[in-house]
Amino acid sequence: MRLLVTGGAGFIASNYIRHVLRTYPDYHVINLDSLTYAGNLENLKDVEDSERYTFLKGDICDNNIAGGLEFDAILNFAAESHVDRSILDAQPFLQTNIMGTYNLLEIARQRSCTFLHVSTDEVYGSIEQGFFNEESPLMPNSPYAASKASSDMLVRSYVETHNIHAMITRCSNNYGPYQFPEKLIPLVILNAINDKPIPVYGDGMNVRDWIYVVDHCRAVDAVLHKGISGHVYNIGSRNEQPNIDLIKKILTITANRLDLDEGNLMDLINFVEDRKGHDRRYAIDPSKIERELGWQPNMTFDEGIEKTIMWYTSNKRWWERIISGQYIDYYNLQYGERLET
Ligand code: NAD
Ligand code: DAU
């Protein structure tokens, strides 16, 4: 099978590409990524020499992008993904997340290929009690979430109108190796290591539902191979935590593992002004994918967070090159150019 994976230089899709190349010895992956600030080819250094991997620098909004490429399925991970950035400037979110998805849907329609759209639980908005299931109404609250909800609606419309073969996944908060340090978990780990203040929005009691990134990748793969066209699949690990509890847990493990003073790390916690429109709680009911596709998470949170903290502590060069900016498009590729290794 030949897969076109968009956004493959980002956090989740780079883990997905590694998962696919390891799991299926006969699969070929084309990684299409425009290398925004969030795209880092160093995330895939260990696979870039593989004959079954091709990197192409390109924008999902470019309607000529698929010319000359052969693939059986498009997996659309590419997006502007950070809520805080969407509050400062929504335009790139609307462009990539909506227009980019539309462009890829057109390509899927013209090629009659499978389209798997990687979406988020944030499209459902905030939930005080209970859990989101696939029938929950879409009530996005941030410009990021609204752009993802719009793209989900476009996918639905292409299934209904053009009868394309497409599935949507909606996952909860991911964590694990290669996550860009603007997101909460890597930010806490790196600020603890570097003795910098840890900003906690509002009262720290907002709840997020955390899943280890490889479990998300396994779920996406289950949907690709066994999902039913037109269906939505929620993905989650049943692991809700208030932000402040999560932050303290990370600081305790980091202190133990690096032999640092736990009290000093706790003193780095700094309550700051709340995020605008900050969703109070996310909680996903993953029973449909468990029941219908036989997927289950493999990683417990205790194992996953320990593994993640150790990954960041032993991959200093990776994050130092992000902090210094050296990671950005370090092969200096032009649009439409492939990485030749
Ligand atoms: P990320 O920000 O780490 O990576 C996004 C990637 O997309 C980057 O490599 C970037 O260069 C690329 N990209 C951006 N605009 C592009 C464009 N116009 N053309 C081509 N490439 C472009 O994101 P992530 O956290 O890995 O999220 C991946 C996907 O999963 C997103 O669709 C996101 O909405 C979804 N998701 C994320 C989470 C999470 O917790 N991070 C949870 C559920 C769903
Ligand atoms: O739920 C899935 C979503 O999870 C994905 O769709 C998004 O792409 C991904 O970015 C993530 O969104 P969140 O806004 O939940 O993640 P973030 O890591 O930005 O924040 C997690 C929580 O921590 C949230 O309640 C805000 C809070 N926070 C975040 C940062 C960056 C802080 O308190 N301080 C911070 O500095």
Side-chain angles (χ1 to χ4, degrees), residues 2-21 27-50 52-71 73-82 85 92-108 113 115-120 144 147-148 151 169 171 174 176-183 213 216-217 220-221 224 318 321-322 325-341:
R2 290 178 70 86
L3 306 181
L4 178 67
V5 174
T6 71
F11 163 50
I12 301 173
S14 62
N15 278 285
Y16 180 74
I17 290 172
R18 185 174 295 103
H19 174 75
V20 166
L21 292 174
Y27 277 29
H28 191 114
V29 177
I30 305 161
N31 173 8
L32 171 71
D33 196 298
S34 63
L35 300 180
T36 68
Y37 80 92
N40 184 354
L41 286 177
E42 295 179 23
N43 294 0
L44 286 164
K45 204 99 194 88
D46 54 330
V47 304
E48 72 185 16
D49 292 334
S50 166
R52 297 184 292 116
Y53 170 75
T54 306
F55 175 76
L56 173 66
K57 182 171 170 179
D59 192 322
I60 61 167
C61 302
D62 173 357
N63 53 20
N64 293 318
I65 200 64
L69 298 178
E70 280 178 35
F71 45 85
I74 301 173
L75 290 99
N76 185 29
F77 289 87
E80 288 293 337
S81 71
H82 194 47
R85 289 178 188 259
F93 289 75
L94 308 191
Q95 178 66 15
T96 286
N97 300 1
I98 304 175
M99 293 310 290
T101 302
Y102 154 70
N103 187 43
L104 295 174
L105 283 166
E106 273 298 309
I107 293 168
C113 74
F115 188 81
L116 193 156
H117 184 59
V118 178
S119 191
T120 168
Y144 161 70
S147 69
K148 293 295 289 188
S151 61
T169 59
C171 190
N174 284 224
Y178 301 103
Q179 187 166 30
F180 197 81
E182 65 187 350
K183 305 290 197 303
V213 63
H216 181 192
C217 296
V220 167
D221 206 47
L224 174 70
W318 179 86
R321 285 174 58 81
I322 291 182
Q326 287 165 295
Y327 76 104
I328 290 185
D329 202 0
Y330 67 102
Y331 286 115
N332 200 17
L333 298 167
Q334 303 303 305
Y335 276 97
E337 194 178 346
R338 291 177 193 212
L339 177 61
E340 308 288 355
T341 51

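Keep in mind it's a predicted model, so treat the numbers as computed, not measured.
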Do [X] and [Y] have side chains that approach each other closer than 4.5 Å (heavy atoms only, starting at C-beta)?
| X | Y | answer |
| --- | --- | --- |
| Ile107 | Ile65 | yes |
| His216 | Val118 | yes |
| Leu44 | Ile17 | yes |
| Tyr327 | Asn43 | no |
| Val20 | Val5 | no |
| Arg321 | Tyr330 | yes |
| Pro177 | Val213 | yes |

Just by modelled atom types, is the Ala78 backbone N or O under 3.5 Å from a matching donor or acceptor in the Thr6 side chain? yes
Within 6.0 Å of CD in Gln326, more than 12 heavy atoms from elsewhere: yes
[atom1]/[X] to [atom2]/[Y] distance, rounded to the nearest 0.5 angstrom?
| X | Y | atom1 | atom2 | result |
| --- | --- | --- | --- | --- |
| Leu3 | Leu75 | CG | CG | 5.5 Å |
| Leu56 | Leu333 | CG | CG | 9.0 Å |
| Thr54 | Ile30 | OG1 | CD1 | 6.0 Å |
| Ile60 | Asn103 | CD1 | CG | 7.5 Å |
| Asp59 | Met99 | CG | CE | 11.5 Å |
| Arg2 | His28 | CZ | NE2 | 4.5 Å |

Among Ser119, Ser81, Ser147, Ser151, whose side-chain hydrogen bond (donor to acceptor under 3.5 Å, both in side chains) with Asn97 holds? Ser147
Stepwise side chain to side chain contact (heavy atoms under 4.5 Å, CB included) check, Tyr335 with Asp62: CA-CA 10 Å; Tyr335 276 97; Asp62 173 357; over 6 Å; no
All ring-ring contact (aromatic ring centres under 6.0 Å, His included) counterparts of Tyr178, not counting sequence neighbours: Trp311, Trp318
Mind checking ring-ring contact (aromatic ring centres under 6.0 Å, His included) for Phe11 and listing every partner two or more places apart, or none if nothing turns up? none
Test side chain to side chain contact (heavy atoms under 4.5 Å, CB included) on Phe77 and Asn15; report intermediate values, then the result. CA-CA 11 Å; Phe77 289 87; Asn15 278 285; over 6 Å; no
Describe, in one word, how the ring planes of Phe93 and Tyr144 are oriented to each other, choosing from parallel (under 30°), tilted (30 to 60°) and perpendicular (over 60°). perpendicular
Once the angle between the rings of His19 and Tyr16 is folded into 0 to 90°, is it parallel (under 30°), tilted (30 to 60°) or perpendicular (over 60°)? tilted
Could you walk me through whether Glu48 and Leu339 pass the side chain to side chain contact (heavy atoms under 4.5 Å, CB included) check? CA-CA 8 Å; Glu48 72 185 16; Leu339 177 61; 3.8 Å; yes
If you compare all heavy atoms of Ala13 against all heavy atoms of Gly8, which two are closest, and at what distance to 0.1 Å? CB-CA, 3.5 Å
How far apart are the closest heavy atoms of Leu35 and Ala9, and which atoms are they? CD2-CB, 3.7 Å
Mind jotting down which residue pairs meet the side-chain hydrogen bond (donor to acceptor under 3.5 Å, both in side chains) criterion with at least one end in residues 29-39? Sequence neighbours excluded, please. Asn31-Tyr53, Tyr37-Arg85, Tyr37-Glu182
